[in-house]
Novice: 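Sharing a structure below in C-alpha cells format, with a few things to ask.
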Amino acid sequence: MSVIWKGVFPAVTTKFNDNDEMDFEAFDKNIEAQLEAGAKGIIIGGSLGEASVLTDAEKIALLKQTVKTVNKRAYVILNIAEQTTKAALLCAENALKYGADGLMMLPPLRYLADKHETLEYFATVAKSTPLPIMIYNNPYDYKIEVTLDMFEELSKYENIQAVKESTRDVSNVTRMINRFGDRFKLLCGVDTLALESIFMGCDGWVAGLVDAFPRETVAIFNLAKQGRNEEALKIYRWFLPVLELDIHPKLVQYIKLAEKQTGLGTENVRAPRLALVGEERARILSIIDKAIANRPELPAGSWGIEAEVAVTGVN
C-alpha cells in the first residue's frame with residue numbers, strides 16, 4: 001500500500017447539522033470542491049475535524065462516507081488522535097478495514113509521554129498495519145516534539161513515510177532534509193508558513209483554510225513548485241490575513257465561518273465549542289469578507305486536476 005505524499009492535503013472539517021448530527025450533504029459538497037481544485041489527499045478526523053468530540057462509531061461513519069465520496073480520486077487519510085495505544089491500534093485497524101489509504105498520527109494525547117514512550121507508541125501502531133503513516137509533529141499545540149534523533153529511530157519502519165511539519169520553525173524543513181534526504185516526505189502543517197516551507201523544500205501542504213478557499217490554496221502550491229514565485233507570492237499575500245485564522249485556539253470556529261461565507265460549509269460546531277458571537281464574530285467576518293471581496297484572479301493552469309498532475313506526477 002502506498003501514498004504519494006505530494007501536493008495539497010486538506011485537513012477537512014466535520015460537518016454537523018442543527019441537531020448535532022453529522023451532515024454528509026454539506027461534507028460531500030466540500031469534498032467535491034477540494035477534488036475539483038486539485039487536492040491530492042483528504043485528511044479526516046484531525047484537529048479541524050473535531051476528532052476529540054467524535055465517537056468511534058462516528059469516526060467509522062465519517063471514514064466510510066469519505067471513501068465513498070472520494071471514490072479513488074484522491075487519497076483518504078485518517079488521523080489517529082488517541083489517549084491510549086490500545087485505542088490507536090483500534091483506529092488503525094478500522095482505517096484499514098473501511099478503506100483508508102493512509103494514516104496521520106499525533107503523539108499520545110493528554111499524557112506528556114517521554115521520548116521512549118512516544119517512540120514505542122508510534123512503532124507499535126506502525127508494526128500493526130500496512131498503511132502508510134504521516135507523523136504529525138506539532139510540539140507547539142501538543143507539547144511533544146518528535147526530534148530529529150527520534151525520526152532516526154522511526155526511519156526503520158518503512159510505512160512511516162511522511163511528516164506533517166508543524167514545529168513553527170521553518171528551519172526544521174532544512175534540518176530534516178539535511179539529515180534524512182528524501183527518506184521522509186515533508187508537508188507543511190502551518191498555513192501561515194506554507195509558502196516559506198514550500199520554498200525550503202516541502203513536498204506538500206496539509207492545509208486548513210483550503211476548506212474555504214480550495215482553488216487559491218492549490219494555486220499557491222502549484223505556482224511555487226513551478227518556480228513562478230512572484231505569482232505565488234501575490235496570492236499568498238492576499239491570503240495571509242485569512243491564513244492567520246489557522247493559528248488560533250478557535251481555528252475550528254473561524255474556518256467553519258469561512259466555509260459558510262464561501263458556500264462550502266456551515267458554522268455548526270460541537271459543544272463545548274460554540275459558534276462565534278458578538279464582536280469576535282464581526283471581527284473574523286470582516287477578515288473573511290474582505291478577502292472574498294478582493295479575491296484574486298488565478299493564473300491559468302494553476303489549479304485543478306490537470307495542473308496538480310503536472311506538478312506532482314500524481315494521478
Novice: Any chain of hydrophobic side-chain contacts (each under 4.5 Å) joining Leu148 to Ile177?
Specialist: yes

Novice: For the pair Arg273 (side chain) and Val252 (backbone), establish whether a donor and an acceptor sit closer than 3.5 Å, ignoring hydrogens and angles.
Specialist: no

Novice: Could you tell me the separation between the OG atom of Ser302 and the CD atom of Gln226, rounded to the nearest 0.5 Å?
Specialist: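 Rounded to the nearest 0.5 Å, the OG-CD separation comes to 8.0 Å.
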
Novice: Working to the nearest 0.5 Å, report the span between NE2 of His116 and CD of Glu153.
Specialist: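 The NE2 atom of His116 sits 11.0 Å away from the CD atom of Glu153.
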
Novice: Are the side chain of Asn159 and the backbone of Ala126 linked by a donor-acceptor contact shorter than 3.5 Å?
Specialist: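 Yes; at least one donor-acceptor contact below 3.5 Å.
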
Novice: Mind telling me whether Phe184 and Phe180 have parallel, tilted or perpendicular rings, with 30° and 60° as the class edges?
Specialist: perpendicular

Novice: List the steps, then state whether side-chain contact (heavy atoms from CB on, under 4.5 Å) holds for Glu145 with Met150.
Specialist: CA-CA 9 Å; Glu145 181 178 4; Met150 292 168 73; over 6 Å; no

Novice: So do Pro10 and Asp211 actually touch side chain to side chain, heavy atoms under 4.5 Å?
Specialist: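 They are in contact (side-chain heavy atoms under 4.5 Å apart), so the answer is yes.
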
Novice: Where is the tightest heavy-atom contact between Val53 and Pro272, given as atom of each residue plus distance?
Specialist: CG1-CD, 4.4 Å

Novice: Compare all side-chain heavy atoms of Phe24 with those of Met22 and state whether any distance is below 4.5 angstrom.
Specialist: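 Yes, at least one pair of side-chain atoms sits under 4.5 Å.
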
Novice: Please examine the side chains of Ile220 and Lys225, heavy atoms only from C-beta on, and report whether any two atoms are closer than 4.5 Å.
Specialist: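 The answer is no; the side chains never approach within 4.5 Å.
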
Novice: Looking at every non-hydrogen atom in both residues, tell me the closest pair between Ala224 and Leu195 and how far apart they are.
Specialist: CB-CD1, 3.7 Å

Novice: Fit a plane to each ring of Tyr254 and His248, take the angle between them on a 0 to 90° scale, and name the class: parallel (under 30°), tilted (30 to 60°) or perpendicular (over 60°).
Specialist: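 Tilted: the ring planes of Tyr254 and His248 meet at 30° to 60°.
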
Novice: For Lys234, I'd like to know if atom NZ has over 12 heavy atoms of other residues, nucleotides or ligands within 6.0 Å.
Specialist: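 Count not over threshold, so no.
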
Novice: Side chains of Tyr142 and Ser47, heavy atoms from C-beta outward: is any pair under 4.5 Å?
Specialist: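 They are in contact (side-chain heavy atoms under 4.5 Å apart), so the answer is yes.
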
Novice: If you take all heavy atoms of Leu193 and Ser197, which pair is closest and at what distance?
Specialist: O-OG, 2.8 Å

Novice: Is any side-chain heavy atom of Asn79 closer than 4.5 Å to a side-chain heavy atom of Leu103?
Specialist: no

Novice: With distance as the sole test, does Thr262 use its side chain to make a donor-acceptor pair with the main-chain N or O of Ala212 at under 3.5 Å?
Specialist: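 Flag set: sc Thr262 to bb Ala212 pair under 3.5 Å.
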
Novice: Only one of Lys256, Arg281, Gln253 passes side-chain hydrogen bond (donor to acceptor under 3.5 Å, both in side chains) with Glu267; say which it is.
Specialist: Arg281

Novice: Would you say Asp203's side chain and Trp5's backbone share a donor-acceptor pair under 3.5 angstrom?
Specialist: no

Novice: Is it true that the side chains of Ser2 and Tyr75 contain a donor and an acceptor less than 3.5 Å apart?
Specialist: no

Novice: Crowded around Tyr140 OH? As in, over 12 foreign heavy atoms under 6.0 Å?
Specialist: no

Novice: Taking the six-membered ring of Phe27 as reference, does the cationic atom of Lys15 (NZ for Lys, CZ for Arg) lie under 6.0 Å from its centre and within 45° of its axis?
Specialist: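 Verdict for Phe27: no cation-pi partner in Lys15.
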
Novice: Is Trp238 reachable from Leu243 through a run of I, L, V, M, F, W or Y residues, each pair having side-chain heavy atoms under 4.5 Å apart?
Specialist: yes

Novice: Could you check Trp303 against Glu36 for side-chain contact (heavy atoms from CB on, under 4.5 Å), going step by step and ending with a plain yes or no?
Specialist: CA-CA 9 Å; Trp303 60 273; Glu36 182 254 359; 3.4 Å; yes

Novice: Grab the two heavy atoms, one from Thr129 and one from Val125, that are nearest each other, plus how far apart they are.
Specialist: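 What the structure gives for the nearest pair is CG2-O, 3.2 Å.
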
Novice: Are Leu264 and Ile31 grouped together when hydrophobic residues (ILVMFWY) are joined by side-chain heavy atoms under 4.5 angstrom apart?
Specialist: no

Novice: Is there a donor-acceptor contact under 3.5 Å from the side chain of Arg270 to the main chain of Asp20?
Specialist: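 Checking the backbone N and O of Asp20 against the side chain of Arg270, a donor-acceptor pair under 3.5 Å is found.
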
Novice: Measure the SG-CD1 distance between Cys91 and Ile80 for me, rounded to the nearest 0.5 Å.
Specialist: 4.5 Å

Novice: Look at the side chain of Asp191 and the backbone N and O of Gly208, then say whether any donor-acceptor pair between them is shorter than 3.5 Å.
Specialist: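 Yes, because the side chain of Asp191 sits within donor-acceptor range (under 3.5 Å) of the backbone of Gly208.
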
Novice: Name all pairs fulfilling the side chain to side chain donor-acceptor pair (under 3.5 Å) condition that reach into residues 21-30, sequence neighbours left out, sorted by first residue then second.
Specialist: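 Side chain to side chain donor-acceptor pair (under 3.5 Å) check on residues 21-30 returns Asn17-Glu21, Asp28-Gln65, Asp28-Thr69, Asn30-Gln34, Asn30-Glu259.
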
Novice: Is it true that atom CG of Asn178 has more than 12 heavy atoms of other residues, nucleotides or ligands lying nearer than 6.0 Å?
Specialist: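 Enclosed.
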
Novice: Set out, in order, the CA-CA distance, both residues' side-chain angles and the distance that settles side-chain contact (heavy atoms from CB on, under 4.5 Å) for Phe239 and Thr217, then state yes or no.
Specialist: CA-CA 9 Å; Phe239 209 4; Thr217 305; 3.4 Å; yes

Novice: Is there a side-chain contact (heavy atoms from CB on, under 4.5 Å) between Leu223 and Ile235? Walk through the geometry before answering.
Specialist: CA-CA 10 Å; Leu223 291 168; Ile235 303 168; 3.7 Å; yes

Novice: By the side chain to side chain donor-acceptor pair (under 3.5 Å) test, which pairs, at least two apart or in different chains, include something from residues 87-113?
Specialist: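 Passing the test, one end in residues 87-113: Tyr111-Glu117.
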
Novice: Given Asn138 and Asp141, is the side-chain hydrogen bond (donor to acceptor under 3.5 Å, both in side chains) satisfied, shown in steps?
Specialist: CA-CA 6 Å; Asn138 185 350; Asp141 290 313; 3.1 Å; yes

Novice: So how far is it from Leu245 CG to Ile288 CD1, rounded to the nearest 0.5 Å?
Specialist: 5.5 Å

Novice: Does the side chain of Glu216 pick up a donor-acceptor pair with the side chain of Tyr236 at under 3.5 Å?
Specialist: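 Absent: no donor and acceptor within the cut-off.
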
Novice: Is a side-chain N or O of Glu165 found less than 3.5 angstrom from the main chain of Thr167, in a donor-acceptor match?
Specialist: yes

Novice: Using side-chain heavy atoms (C-beta onward) and a distance below 4.5 Å, is Ile44 in contact with Thr14?
Specialist: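 Result no, sub-4.5 Å side-chain heavy-atom pair not found.
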
Novice: Atom CD1 of Ile160 and atom CE of Met134: how far apart are they, to the nearest 0.5 Å?
Specialist: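 The CE atom of Met134 is 12.5 Å from CD1 of Ile160, to the nearest 0.5 Å.
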
Novice: CG/Leu78 to CE/Met105 distance, rounded to the nearest 0.5 angstrom?
Specialist: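 That separation rounds to 11.0 Å.
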
Novice: Say whether, by atom type as modelled, one donor and one acceptor occur between the side chain of Arg295 and the main chain of Ile292 under 3.5 angstrom.
Specialist: no

Novice: Let me check something: do Leu154 and Val173 share a hydrophobic cluster, defined by ILVMFWY side-chain heavy atoms less than 4.5 Å apart, either directly or through other members?
Specialist: yes

Novice: Does a side-chain heavy-atom distance below 4.5 Å link Asn222 with Val218?
Specialist: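 Of all side-chain heavy-atom pairs linking Val218 with Asn222, at least one is under 4.5 Å.
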
Novice: Does any part of the side chain of Leu89, heavy atoms only, come nearer than 4.5 Å to the side chain of Thr124, both counted from C-beta?
Specialist: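 A side-chain contact exists here, since the closest heavy-atom pair is under 4.5 Å.
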
Novice: Do Leu90 and Leu109 land in one hydrophobic cluster if side-chain heavy atoms of ILVMFWY residues count as linked below 4.5 Å?
Specialist: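 Shared cluster, no.
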
Novice: Could you pull out the closest heavy-atom pair between Ala81 and Leu106, with the gap in Å?
Specialist: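 In terms of heavy atoms, the two residues are closest at CB-CD1, 3.6 Å.
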
Novice: For the residue pair Pro107 and Thr118, what are the closest heavy atoms and their distance?
Specialist: CB-CG2, 4.3 Å

Novice: After noting the C-alpha distance and the side-chain angles of Glu158 and Arg183, does the key distance pass the salt bridge (charged side-chain N to carboxylate O under 4.0 Å, His left out) rule?
Specialist: CA-CA 9 Å; Glu158 292 184 4; Arg183 169 59 184 85; over 6 Å; no

